[in-house]
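Since we're looking at a predicted model, the values are computed, not measured.
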Amino acid sequence: MLNLEVLERQARERGLLLRLQVQGLAGVRGLRVGVARARAEQPPLLLGELKGWCLPLADGLRLDTMRVQGERSEAVGPLIWAATFAWALEETPCRSARLLAIRDGEQQHRRLVRYFRRLGFTPLRELAGGPLDLAPRLLWGGAGLLMQGDCDEGLQRSARWLTSIR
């Protein structure tokens with residue numbers, strides 16, 4: 001099974017640094033996964049990161065902000081996803097994750113949904129303007145499609161995606 005140690009080695013083979021930061025308080029753990037490119041005599045160049053948090057539940061992984069930038073960053077997203085899912089499976093009771101495909105604009109929203117489906121996420125429900133959606137919208141930071149994915153499936157899919165990039 002693919003694990004964090006293997007993913008860190010794969011990142012190094014690509015000239016990348018994969019790092020996870022986890023901080024916890026009262027059973028809730030914050031997560032930041034970062035991928036950077038090492039540079040001689042300079043600090044590493046951050047190429048991508050994902051932020052989220054984990055509740056100690058089987059469906060407690062919540063993924064929030066994902067960002068990838070820079071040149072030669074095609075492996076960054078799959079590395080981040082694989083590391084996130086591997087961490088959840090290795091270090092937490094979480095077996096599924098939730099995220100919000102934010103609805104900033106219709107075209108971008110469709111792209112996000114297609115991207116998250118590629119990782120195995122499926123729709124749960126739309127967060128819109130109704131009174132019952134107020135609390136989740138505050139938590140997630142906007143309206144959009146709330147989606148859920150299996151961590152094991154996400155790890156397998158992101159690993160295949162990573163393998164296809166050379």
Atom of Ala75, atom of Arg14 and distance for their closest heavy-atom approach: CB-NH1, 3.6 Å
Does Val22 share a hydrophobic cluster with Leu17, counting links as ILVMFWY side-chain heavy atoms below 4.5 Å and allowing steps through other members? no
Report the C-alpha separation of Phe116 and Leu145 in whole Å, then their side-chain angles, then the decisive distance to 0.1 Å, and conclude whether the side chain to side chain contact (heavy atoms under 4.5 Å, CB included) test is met. CA-CA 11 Å; Phe116 294 142; Leu145 183 62; over 6 Å; no
So, do Arg32 and Arg19 sit near enough that their side-chain heavy atoms are less than 4.5 Å apart? no
Table please: side-chain donor-acceptor pairs of residues 51-70 below 3.5 Å, with sequence neighbours left out.
residue, atom, partner, partner atom, Å
Arg62, NH1, Asp59, O, 2.4
Arg67, NH1, Gln69, OE1, 2.9
Arg67, NH2, Glu49, OE2, 2.7
Gln69, NE2, Leu46, O, 3.4

Give a yes or no answer on whether the side chain of Arg117 reaches the backbone of Phe121 with a donor-acceptor pair at less than 3.5 Å. no
By side-chain hydrogen bond (donor to acceptor under 3.5 Å, both in side chains), which residues pair with Glu8, not counting sequence neighbours? none
Looking at Gln42, I want to see if its CD is surrounded by more than 12 non-hydrogen atoms of other residues, nucleotides or ligands under 6.0 Å. yes
Tell me every residue that passes side-chain hydrogen bond (donor to acceptor under 3.5 Å, both in side chains) with Trp81, counting only those two or more places apart in sequence or in another chain. Tyr115
Tell me if the CD atom of Gln23 is crowded by more than 12 foreign heavy atoms within 6.0 Å. no
Residues in side-chain hydrogen bond (donor to acceptor under 3.5 Å, both in side chains) contact with Ser96, at least two apart in sequence or another chain: Gln148
State, with a plain yes or no, whether a side-chain heavy atom of Val33 is found less than 4.5 Å away from one of Leu18. yes
Do Arg29 and Trp87 have side chains that approach each other closer than 4.5 Å (heavy atoms only, starting at C-beta)? yes
Give a yes or no on whether Gln107 atom CD has more than 12 heavy-atom contacts from other residues, nucleotides or ligands under 6.0 Å away. no
Test: salt bridge (charged side-chain N to carboxylate O under 4.0 Å, His left out). Region: residues 149-165. Which pairs qualify, not counting sequence neighbours? Glu153-Arg157
What distance separates Ser158 OG from Leu7 CG, expressed to the nearest 0.5 Å? 7.5 Å
Does some side-chain heavy atom of Leu155 sit less than 4.5 Å from a side-chain heavy atom of Leu2? yes
Could you walk me through whether Leu4 and Glu90 pass the side chain to side chain contact (heavy atoms under 4.5 Å, CB included) test, one step at a time? CA-CA 8 Å; Leu4 287 172; Glu90 291 174 33; 3.8 Å; yes
Applying side chain to side chain contact (heavy atoms under 4.5 Å, CB included) to Leu127 and Leu100, what does each step give before you reach the verdict? CA-CA 9 Å; Leu127 294 182; Leu100 182 70; 3.8 Å; yes
Evaluate the side-chain proximity of Leu162 to Leu79: yes if any heavy-atom separation is below 4.5 Å, no if none is. yes
So, using side-chain hydrogen bond (donor to acceptor under 3.5 Å, both in side chains) as the criterion, who are the partners of Gln10 when residues are at least two apart? none
Which distance, rounded to the nearest 0.5 Å, do you find between the CG of Leu47 and the CZ of Arg37? 4.5 Å
Hey, are the side chains of Asp104 and His109 touching, using non-hydrogen atoms and a 4.5 Å cut-off? no
Just wondering, more than 12 heavy atoms not from Arg125 lying within 6.0 Å of its CZ? yes
Provide the closest heavy-atom pair for Ala101 versus Leu112 in the form atom of the first, atom of the second, distance. CB-CB, 4.2 Å
Close side-chain approach of Thr122 and Met147, heavy atoms under 4.5 Å: no
